[in-house]
Number of protein chains: 2
Amino acid sequence: MKKGKITIHDISKELGINSSTVSRALNNSSRVTQKTKDKILKKATELGYQRNSLASKLRTNKTNTIGVIVPRISRQFFSSVISGIEETAYDAGYEVIICQSLDNLEREQKLIETLLSNRVDGILISVSTQTLGKDDFNNCKQNETPIIFFDRPYNIEENTNVIIDDFKAGFEATEHLILNGCKNIVHFSGPQHSELYKRRKNGYLAALKKYNLTIDFNYIIASNLMKSDGIENAKKILDLSKVDAVFSANDVAAISAMIYLKDKGVKIPDEIAFVGFSNEQISAVIEPSLSTISQSDFKMGTVAATLLFKQIEQKTTIKEGYTKILEPKLIIRNSSQKIIL
Amino acid sequence: MKKGKITIHDISKELGINSSTVSRALNNSSRVTQKTKDKILKKATELGYQRNSLASKLRTNKTNTIGVIVPRISRQFFSSVISGIEETAYDAGYEVIICQSLDNLEREQKLIETLLSNRVDGILISVSTQTLGKDDFNNCKQNETPIIFFDRPYNIEENTNVIIDDFKAGFEATEHLILNGCKNIVHFSGPQHSELYKRRKNGYLAALKKYNLTIDFNYIIASNLMKSDGIENAKKILDLSKVDAVFSANDVAAISAMIYLKDKGVKIPDEIAFVGFSNEQISAVIEPSLSTISQSDFKMGTVAATLLFKQIEQKTTIKEGYTKILEPKLIIRNSSQKIIL
DNA sequence: TTTTAAAATACAATCGATTGTATTTTAAAA
DNA sequence: TTTTAAAATACAATCGATTGTATTTTAAAA
């Protein structure tokens with residue numbers, strides 16, 4: 001057995017057939033007769049031939065590979081999006097390279113560089129929370145490598161984005177609480193520079209307005225929505241009087257706040273009702289189970305991937321500022337259903 | 001601006017310096033003077049040059065890339081292992097390609113093929129539950145591509161494996177329950193062909209023996225340990241008399257059983273105590289919080305990756321049947337602590 | 001049997017970077 | 001100024017697969 005990898009030239013030599021014919025046979029070209037194909041394929045398996053994708057990709061200038069960057073693969077939402085992307089890619093004949101930025105900008109930039117130098121045909125990304133600039137992804141554009149942003153919108157005027165209707169989600173979550181008898185609803189918001197959290201907040205405000213509830217800006221608590229922030233927020237709630245509900249812009253903060261409040265003897269949902277955001281796996285398991293917003297994650301993956309493949313294959317210049325907005329879905333569980341007397 | 005990607009030849013032409021010198025300058029070779037390097041680097045950034053890794057990898061016959069295959073990236077344990085791998089790889093200058101098999105053998109085989117044809121330098125894999133054969137990975141060996149198995153051992157006699165001491169974990173979990181006053185301990189076991197589940201079971205049996213408790217094989221319930229299996233198992237428990245504890249070979253089944261039993265009015269841990277396995281994220285959040293075994297996940301990643309890099313760089317033939325066994329850690333939470341009168 | 005068109009296969013260049021060897025340049029010594 | 005060794009740069013082959021064009025083979029028609 002020859003050491004090292006087998007190439008088409010090895011097959012070529014063994015059979016006395018030119019390597020171009022071997023290549024065509026392996027790619028099932030109509031320019032090679034079935035008889036020759038059979039001979040070549042047999043020899044290929046016999047030698048344990050395995051195409052060198054690097055050479056093929058270099059020559060054809062097409063990798064049939066896309067890169068996906070998310071903050072963390074462990075988060076339920078992202079892994080569902082990735083599943084959606086992978087299914088779509090699988091059907092379209094693309095390979096997928098999954099990367100996590102750990103919400104770190106420097107790392108994210110490095111990943112982009114790596115993906116570009118590996119000549120991916122396109123990139124799907126949910127940007128890190130540190131990504132604030134307007135032209136962090138110029139290297140892609142310079143390269144004419146299509147890039148599509150999902151979940152966390154990025155410079156909507158100039159890029160392709162796939163997001164959910166955060167305003168509507170915020171509105172529906174809040175309205176649901178109001179219809180369940182809540183009147184003094186606190187909102188846990190995220191970093192205020194983020195468009196996404198602004199929209200959720202605006203949805204919240206619009207719902208209060210619709211039902212003529214007083215808007216108290218002390219009731220809007222901004223934070224990074226981490227576990228510890230939830231606890232801090234919960235402490236603040238205990239200082240505010242009359243709070244009877246919380247709409248949190250993510251599940252993590254909602255859950256840690258709930259646990260803290262329960263520990264302090266607060267009855268949930270009867271004294272304080274909760275609605276979260278994201279439909280993390282834990283939200284179904286915690287007690288009481290947390291009502292939340294599902295971001296149609298799998299679908300977001302398929303939609304983003306489909307858009308990307310279209311851009312890659314049409315090779316059209318990317319239409320600036322196209323945004324696809326998906327519908328959110330309110331999932332009603334126990335944390336928001338008060339016993340209305 | 002030239003359309004398409006910039007190559008070293010473009011830089012070469014622009015500056016009238018041969019492309020070999022350009023290549024050496026970009027790789028910071030000592031054969032190029034600093035003055036020339038500066039000129040070349042400046043022009044490279046000016047033109048937006050980006051190395052074509054495909055060409056480089058093809059020429060050098062080294063990709064500095066490893067592939068990682070896990071059943072699902074969303075599972076807490078696997079994403080932690082991956083983090084461990086990525087950190088180690090980052091330090092060692094390797095890229096990581098993450099793939100999920102979805103516990104599907106066909107898909108797993110396809111991923112292996114793709115990784116090999118992309119000429120990864122090595123592979124880390126936690127095999128799918130469908131992978132039962134003894135030589136599913138011959139294509140790697142034929143290729144002389146190192147492959148290391150983690151978490152789920154595979155053909156221990158012939159391959160490199162990184163696993164935890166499942167026997168010890170089973171023993172400690174069971175002993176912990178015994179020391180908390182439990183005498184009639186049910187064991188939820190997994191598919192009986194699996195070495196891993198056999199070892200956990202043997203640990204359980206050894207603990208019973210050590211404390212002179214009767215071994216009743218009706219108390220060992222085998223299943224696939226999915227959510228639904230947990231519920232089925234819980235029903236069976238209700239039919240058995242005297243059960244006062246459960247040691248489950250994973251958290252998922254333990255949790256669904258707990259929820260079912262709680263619903264039926266069983267007090268946990270006072271009537272039936274629980275210990276799970278894996279330390280899934282949910283296990284800390286459920287009520288009562290679930291005692292479980294931590295599989296030193298992050299460390300498993302670093303250890304497996306370190307081993308792999310060693311194999312890649314030494315280019316030694318893979319020593320057959322080397323198994324690295326990591327220590328498990330019992331995490332005691334509320335589900336296992338009875339009030340002993 | 002010779003001619004000819006179609007089918008099959010071979011030739012050779014190419015993708016972009018790397019690298020051993022050859023050549024040129026530089027600068028010090030003769 | 002010429003010689004010479006060292007430093008710097010250029011030449012050319014190479015990694016493995018692909019593909020437009022050229023050549024050969026096949027088989028039918030003349």
Side-chain angles (χ1 to χ4, degrees), chain A residues 2-41 43-44 47-65 113-114 116-121 143, chain B residues 2-41 43-44 47-65 113-114 116-121 143:
Chain A
K2 177 174 174 296
K3 85 180 151 121
K5 314 283 197 298
I6 306 295
T7 73
I8 53 171
H9 303 292
D10 298 314
I11 300 176
S12 162
K13 261 181 232 153
E14 288 261 334
L15 294 174
I17 295 176
N18 190 280
S19 54
S20 62
T21 305
V22 174
S23 170
R24 286 198 172 90
L26 293 170
N27 288 310
N28 203 21
S29 153
S30 63
R31 279 176 60 177
V32 182
T33 85
Q34 193 55 50
K35 211 176 114 197
T36 313
K37 276 182 196 168
D38 289 343
K39 239 191 328 193
I40 290 172
L41 285 173
K43 182 58 79 179
L47 295 176
Y49 171 78
Q50 190 144 44
R51 155 205 254 110
N52 185 326
S53 291
L54 299 172
S56 168
K57 289 171 176 176
L58 173 62
R59 177 57 229 255
T60 59
N61 198 26
K62 182 85 168 52
T63 56
N64 280 301
T65 303
E113 288 293 325
T114 305
L116 289 178
S117 76
N118 280 294
R119 297 293 187 263
V120 292
D121 293 332
N143 244 309
Chain B
K2 178 172 174 291
K3 86 180 151 121
K5 314 281 197 298
I6 306 295
T7 73
I8 53 170
H9 303 291
D10 297 315
I11 300 177
S12 162
K13 260 182 232 154
E14 287 261 335
L15 295 174
I17 295 177
N18 189 280
S19 54
S20 62
T21 305
V22 174
S23 170
R24 288 199 171 90
L26 293 172
N27 287 311
N28 202 22
S29 155
S30 63
R31 279 177 58 179
V32 182
T33 77
Q34 193 55 50
K35 212 177 115 196
T36 314
K37 276 182 195 167
D38 289 344
K39 237 190 330 190
I40 291 172
L41 284 173
K43 183 57 79 178
L47 295 177
Y49 171 78
Q50 189 144 46
R51 155 205 254 110
N52 185 328
S53 292
L54 299 172
S56 168
K57 289 172 176 175
L58 173 62
R59 176 58 228 258
T60 59
N61 199 26
K62 181 84 166 51
T63 56
N64 281 300
T65 304
E113 288 293 323
T114 304
L116 289 178
S117 76
N118 281 294
R119 296 295 186 264
V120 292
D121 294 331
N143 244 309

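As the structure is a computational prediction, the values presented were derived from the model and not from experiment. We name chains A, B, ... by the order of the sequence lines, and we start the count at 1 in each one. The figures that follow rest on heavy atoms only: side chains count, while hydrogens, waters and symmetry mates do not.
- The two residues Ile6(B) and Gly48(B) make their nearest non-hydrogen contact at CG1-O, 4.3 Å.
- Near DNA chain D, meaning a heavy atom under 4.0 Å away, the residues from residues 26-39 of chain B are Arg31(B), Val32(B), Thr33(B), Thr36(B).
- The side chain to side chain donor-acceptor pair (under 3.5 Å) search around Ser117(A) returns Ser53(B), not counting sequence neighbours.
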- Task: Apply side chain to side chain contact (heavy atoms under 4.5 Å, CB included) to the pair Tyr49(B) and Leu26(B), showing each step before the final yes or no.
- Result: CA-CA 10 Å; Tyr49(B) 171 78; Leu26(B) 293 172; 3.6 Å; yes
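- In terms of the salt bridge (Lys or Arg N to Asp or Glu O under 4.0 Å) criterion, residue partners of Glu14(A) (sequence neighbours excluded) are, by chain and number, Lys43(A).
- For Asn118(A), the side chain to side chain donor-acceptor pair (under 3.5 Å) partners are Lys57(B), Glu95(B), not counting sequence neighbours.
- Listed by first residue number, the stems of DNA chain C with at least three Watson-Crick or G-U pairs below 3.5 Å are C:1-30 with D:1-30.
- A residue-by-residue look at Arg119(A) and Ser19(A) shows that Ser19(A) has its nearest nucleotide of DNA chain C further toward the 5' end.
- Taken to the nearest 0.5 Å, the CG atom of Leu41(B) stands 8.0 Å off from the CD atom of Gln34(B).
- Thr36(B) pairs by the side chain to side chain contact (heavy atoms under 4.5 Å, CB included) definition with Ile17(B), Thr21(B), Val32(B), Thr33(B), Ile40(B), not counting sequence neighbours.
- The side chain to side chain contact (heavy atoms under 4.5 Å, CB included) check on Arg119(B) picks up Lys5(A), Gln50(A), Asn52(A), Leu54(A), Thr63(B), with sequence neighbours excluded.
- Residues Ser23(A) and Asn18(B) both approach DNA chain D. Their nearest nucleotides, taken by heavy-atom distance, put Asn18(B) toward the 5′ side.
- Residue pairs meeting the salt bridge (Lys or Arg N to Asp or Glu O under 4.0 Å) criterion with at least one partner in residues 21-41 of chain A, sequence neighbours excluded, do not occur; the list is empty.
- Remark: Asn64(A) engages Lys62(A) in a side chain to side chain donor-acceptor pair (under 3.5 Å) (not counting sequence neighbours).
- Residues meeting the side chain to side chain donor-acceptor pair (under 3.5 Å) test with Ser23(A), sequence neighbours left out: none.
- At a non-hydrogen distance threshold of 4.0 Å, Leu58(B), Arg59(B) from residues 50-60 of chain B come into contact with DNA chain D.
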- Task: Output, in order, the C-alpha distance, side-chain angles, deciding distance and verdict of side-chain hydrogen bond (donor to acceptor under 3.5 Å, both in side chains) for Ser29(A) and Asn27(A).
- Result: CA-CA 6 Å; Ser29(A) 153; Asn27(A) 288 310; over 6 Å; no
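- Taking 4.0 Å as the cutoff to heavy atoms of chain B, we find the contact window on DNA chain D bounded by dA8(D) to dG16(D).
- Across Ser19(A) and Ile8(A), no two heavy atoms sit closer than the pair O-CD1, 3.8 Å.
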